[in-house]
Q: 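Take this structure, written in structure tokens, and hold onto it; I'll ask about it next.
What you see is a predicted model; the values in this text were computed from it and never measured.
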Amino acid sequence: AQSVTQLDSQVPVFEEAPVELRCNYSSSVSVYLFWYVQYPNQGLQLLLKYLSGSTLVKGINGFEAEFNKSQTSFHLRKPSVHISDTAEYFCAVSTYGGSQGNLIFGKGTKLSVKP
Amino acid sequence: DTAVSQTPKYLVTQMGNDKSIKCEQNLGHDTMYWYKQDSKKFLKIMFSYNNKELIINETVPNRFSPKSPDKAHLNLHINSLELGDSAVYFCASSRGMGNQPQHFGDGTRLSIL
């Protein structure tokens with residue numbers, strides 16, 4: 001079975017500072033990895049995904065993430081955050097095909113950007 | 001031009017009632033999902049349908065029954081509502097499963113009195 005651990009439930013940071021949101025996963029098979037963002041009272045939006053190939057993936061809003069197979073990690077980074085980045089961020093994993101294809105989510109990290 | 005739309009957005013009702021939540025997607029996707037997000041923001045898959053057929057049915061009380069009249073719709077009917085059903089329910093859709101990103105609706109906030 002797969003699982004996702006987001007190590008920080010809350011991350012406070014000042015505007016224009018860099019941020020890293022940590023995500024580790026556990027799986028006995030190869031996985032696909034995703035980061036989603038949830039703004040207040042909204043659904044989830046895809047930030048970026050890793051399917052295969054280059055381990056550094058770039059997403060929307062200046063976010064990027066690096067897949068590290070040996071450390072089973074997929075940490076999300078942004079070099080300079082804005083107030084508008086304040087939201088809940090979810091890391092998720094899925095596996096190949098069929099009934100294994102559903103997303104398993106981490107418990108989320110609340111990013112609070114302060115002026 | 002909402003891609004995945006859910007109705008209603010808010011649902012307040014009493015314990016023991018039966019209610020339905022509707023979901024429609026206009027993305028041409030063949031797979032649709034229902035998730036439950038609890039008060040601590042934890043998201044858990046409930047059901048997924050691919051081409052109108054049930055693919056995933058996680059450990060969910062049988063009071064919850066999904067219905068997919070066509071590929072663009074996946075409704076959720078809940079019988080005999082209980083206090084523990086209070087949550088935000090999200091509908092999502094994707095093209096296939098596994099490596100395809102899912103598109104989420106804005107959620108239905110269900111409150112049981």
Q: So for Phe90(A), is it side chain, backbone, both, or neither that comes closer than 4.5 Å to the heavy atoms of chain B?
A: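 Only the side chain of Phe90(A) comes within 4.5 Å of chain B.
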
Q: Is Lys49(A) in contact with chain B via its backbone, its side chain, both, or neither, using a 4.5 Å heavy-atom distance?
A: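 Just its side chain gets close to chain B.
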
Q: Highest number of heavy-atom pairs under 4.5 Å with chain B: which of Lys110(A), Glu88(A), Gln45(A)?
A: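 Highest number of pairs under 4.5 Å: Glu88(A).
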
Q: Is Phe34(A) in contact with chain B via its backbone, its side chain, both, or neither, using a 4.5 Å heavy-atom distance?
A: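 Only the side chain of Phe34(A) comes within 4.5 Å of chain B.
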
Q: Examine Tyr39(A) and Ile83(A) and state if one hydrophobic cluster contains both, with Ile, Leu, Val, Met, Phe, Trp and Tyr joined whenever side-chain heavy atoms are less than 4.5 Å apart.
A: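 In one cluster: yes.
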
Q: Membership question, hydrophobic clusters at under 4.5 Å side-chain separation (ILVMFWY): are Phe47(B) and Ile104(A) in the same one?
A: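 The answer is no; the residues belong to distinct hydrophobic clusters.
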
Q: Is there a side-chain contact between Gln42(A) and Phe104(B) (heavy atoms, below 4.5 Å)?
A: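 SC-SC contact between Gln42(A) and Phe104(B) ruled out.
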
Q: Table please: side-chain donor-acceptor pairs of residues 57-67 of chain A below 3.5 Å, with sequence neighbours left out.
A:
{"residue": "Lys58(A)", "atom": "NZ", "partner": "Glu64(A)", "partner atom": "OE1", "Å": "2.8"}

Q: Does some side-chain heavy atom of Leu43(B) sit less than 4.5 Å from a side-chain heavy atom of Leu44(A)?
A: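 When only atoms from C-beta onward are counted, Leu43(B) and Leu44(A) do touch, with a gap below 4.5 Å.
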
Q: Please classify the contact between Gln38(A) and chain B as side chain, backbone, both or neither, with a heavy-atom cut-off of under 4.5 Å.
A: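 For Gln38(A), side-chain heavy atoms alone lie under 4.5 Å from chain B.
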
Q: Just verifying a value: how many Å separate Ile45(B) CD1 and Leu103(A) CG, rounded to the nearest 0.5 Å?
A: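 Those atoms lie 7.5 Å apart.
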
Q: Top residue by heavy-atom pair count (under 4.5 Å) with chain A, among Gln100(B), Lys44(B), Lys41(B)?
A: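 The candidate making the most pairs under 4.5 Å is Lys41(B).
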
Q: Please check if the number of heavy atoms outside Arg95(B) that lie under 6.0 Å from its CZ is greater than 12.
A: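 Result for CZ/Arg95(B): open.
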
Q: Give the cluster check for Val31(A) versus Leu76(A): same hydrophobic cluster or not, with ILVMFWY residues linked at side-chain heavy-atom distances below 4.5 Å.
A: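 Val31(A) clusters together with Leu76(A).
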
Q: Identify the heavy atoms of Phe105(A) and Phe42(B) that sit nearest to each other, and give their distance.
A: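 In terms of heavy atoms, the two residues are closest at O-CE1, 3.8 Å.
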
Q: Could you have a look at Gln37(B), Arg109(B), Lys40(B) and say which one has the most heavy-atom pairs with chain A under 4.5 angstrom?
A: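 Heavy-atom pairs under 4.5 Å are most numerous for Gln37(B).
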
Q: What is the minimum heavy-atom distance between Pro101(B) and Leu46(A), and which atoms define it?
A: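 Where Pro101(B) meets Leu46(A) most closely, the heavy atoms are CB-CD2, 3.3 Å.
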
Q: Leu54(B) and Tyr89(B): same hydrophobic cluster, using ILVMFWY side-chain contacts below 4.5 Å?
A: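 Linked, Leu54(B) and Tyr89(B) end up in one cluster.
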
Q: Using the rule that two of Ile, Leu, Val, Met, Phe, Trp, Tyr join whenever any of their side-chain heavy atoms come within less than 4.5 Å, decide whether Tyr35(B) and Leu110(B) are in one cluster.
A: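 No, separate clusters.
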
